[in-house]
Amino acid sequence: MPLTEHASKLWRVGHGRTIELGPKAVIMAIVNVTPDSFSDGGRHSTVDAAVARALEAVNEGAAIIDIGGESTRPDAAPVSAAEEQARVLPVIEALRGRSDVLISIDTYRAETARLAMAVGADIINDVFGLQKEPEIATVAAKTDAGLCLMHTGRERRKLADIIADQFLFLEQSLEIAFKAGVERETIVLDPGFGFAKDTRENIELMTRFSELHKLGFPILAGTSRKRFIGAITGREAADRDAGTAATSALLRLRGAAIFRVHNVAINRDALAVADAMLDAGSGFERKGTA
């Protein structure tokens with residue numbers, strides 16, 4: 001495993017802030033302000049409940065809170081931009097008043113992203129990789145937001161080779177970003193586990209994960225409670241945290257930097273073990289080359 005995959009990098013996010021990626025795993029906690037998300041729909045659908053969950057996640061070890069107002073599960077009913085904004089903006093504003101944790105807005109809509117950044121968000125997390133509403137790239141550039149570009153197989157024809165398709169899609173997303181003036185230091189990539197990918201494809205993506213480092217950006221892994229983990233373990237969504245933690249540890253060893261999860265505590269522990277192994281391996285490698 002090349003040490004460069006875990007070397008320190010500063011991710012530049014909104015409002016002049018940065019976060020170190022590389023040496024230690026960074027946890028992004030999911031807070032869905034929705035009635036219909038696949039594993040936690042309705043649990044955090046009020047401002048008070050969402051903020052309370054966010055603060056709990058911070059205490060458990062999350063460095064980033066990812067707030068979303070529209071379910072991205074397969075076959076979820078779409079919501080309007082106005083409804084999405086009514087759900088997420090009060091939560092972001094209230095959380096910003098209670099904590100300095102980094103806040104990510106999970107949206108593909110340019111106007112939602114702009115408004116979220118205005119009330120305190122630091123990061124824009126776009127599950128369509130700027131390809132649904134390319135204007136969101138301009139919002140990211142103007143606000144100097146941190147930007148997560150996710151791969152998806154939805155609403156498009158995929159290439160047969162899963163890594164070739166990752167490069168095809170994400171390079172298109174990067175082209176949109178750079179044309180809008182987004183700077184490299186603000187970008188993180190996400191291979192989009194579960195987004196129009198079957199169990200075999202998700203497992204192959206995990207197995208070949210290290211190939212994604214050729215793109216030259218930090219990588220976020222979002223496997224939490226996904227259907228393929230249920231297919232492997234036989235468990236329903238709410239009982240997939242142990243399986244999620246296993247994937248987090250394995251992907252950490254393959255160089256993932258950020259982990260978007262529902263259950264912070266169990267993933268924190270799994271990632272601490274993976275980081276200890278990486279630290280020990282780095283020490284042995286340094287001794288061997290001294």
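In this chain, residues are counted from 1 in sequence order. Bear in mind the structure is a predicted one, so any value in this text is a computation, not a measurement.
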Salt bridge (charged side-chain N to carboxylate O under 4.0 Å, His left out) with Glu83: which residues, sequence neighbours excluded? Arg87
Carboxylate-amine/guanidinium contact Lys197 Asp165, below 4.0 Å: no
State yes or no: do Leu149 and Phe209 share one hydrophobic cluster built from I, L, V, M, F, W and Y residues joined by side-chain heavy-atom distances below 4.5 Å, directly or via other members? yes
Tell me, please, which residues at least two apart from Leu10 pass side-chain contact (heavy atoms from CB on, under 4.5 Å). Thr18, Glu20
Any sub-3.5 Å donor-acceptor pair from Asn202's side-chain atoms to Phe193's backbone N or O? no
Going from CG on Asn125 to CE on Met28, what distance comes out if it is rounded to the nearest 0.5 angstrom? 5.5 Å
From Ile67, Val119, Val47, Ile105, residue fulfilling side-chain contact (heavy atoms from CB on, under 4.5 Å) relative to Leu89: Val119
Any heavy-atom pair between the side chains of Val188 and Leu21 that's under 4.5 Å? yes
Looking at Lys24 and Asp279, does any basic side-chain N land under 4.0 Å from a carboxylate oxygen? yes
What is the distance from atom OG of Ser210 to atom CG of Leu251, rounded to the nearest 0.5 Å? 9.0 Å
Under 3.5 Å, is there a donor-acceptor pair between the side chain of Thr107 and the main chain of Ala113? no
Which heavy atom in Ile187 sits nearest to a heavy atom in Trp11, and how many Å separate them? N-NE1, 3.8 Å
Would you please name every residue forming a side-chain contact (heavy atoms from CB on, under 4.5 Å) with Ala62, sequence neighbours left out? Ile27, Ala29, Ala57, Ile65, Val264
Would you compute the distance between atom CZ of Arg268 and atom OG of Ser248 and round it to the nearest 0.5 angstrom? 13.0 Å
Does any non-hydrogen side-chain atom of Ile163 lie less than 4.5 Å from one of Lys214? no
Judged by modelled atom types alone, do Ser173 and Gln131 share a side-chain donor-acceptor pair under 3.5 Å? yes
Any donor and acceptor pair, going by atom type alone, linking the side chain of Thr233 with main-chain N or O of Ile229 inside 3.5 Å? yes
Cluster check Leu205, Ile232: I/L/V/M/F/W/Y, side chain < 4.5 angstrom: yes
Inter-residue atom distance Gln166.CD - Lys158.NZ, 0.5 Å rounding: 9.5 Å
Do Ile92 and Val58 share a hydrophobic cluster (ILVMFWY, side-chain heavy atoms under 4.5 Å, transitive)? yes
Find out if a path of hydrophobic residues (ILVMFWY) with successive side-chain heavy-atom gaps under 4.5 Å connects Ile219 to Leu147. yes
Report yes or no: does Glu201 contribute a side-chain atom to a donor-acceptor pair with the main-chain N or O of Asp198 at less than 3.5 Å? yes
So the salt bridge (charged side-chain N to carboxylate O under 4.0 Å, His left out) pairs with at least one residue in residues 94-103 (sequence neighbours excluded) are Arg96-Asp122
Parallel, tilted or perpendicular for Tyr108 and Phe128, by the 30°/60° rule? perpendicular
Here the gap from Leu220 atom CG to Asp190 atom CG, rounded to the nearest 0.5 Å, amounts to 4.5 Å
Do any N or O atoms from the side chain of Lys9 and from the backbone of Ala7 form a donor-acceptor pair under 3.5 angstrom? yes
Using the test side chain to side chain donor-acceptor pair (under 3.5 Å), find all partners of Glu185 that sit at least two apart in sequence or belong to another chain. none
So if you build clusters from Ile, Leu, Val, Met, Phe, Trp, Tyr with side-chain heavy-atom gaps below 4.5 Å, do Val101 and Val13 land together? no
Using a 4.5 Å cut-off on heavy atoms from C-beta on, say whether the side chain of Gln85 contacts that of Glu111. yes
Who pairs with Phe169 by ring pair (Phe, Tyr, Trp, His ring centres under 6.0 Å), at least two apart in sequence or on another chain? His151
For the atom pair CZ (Arg240) and CZ (Arg235), what is the distance rounded to the nearest 0.5 Å? 11.0 Å
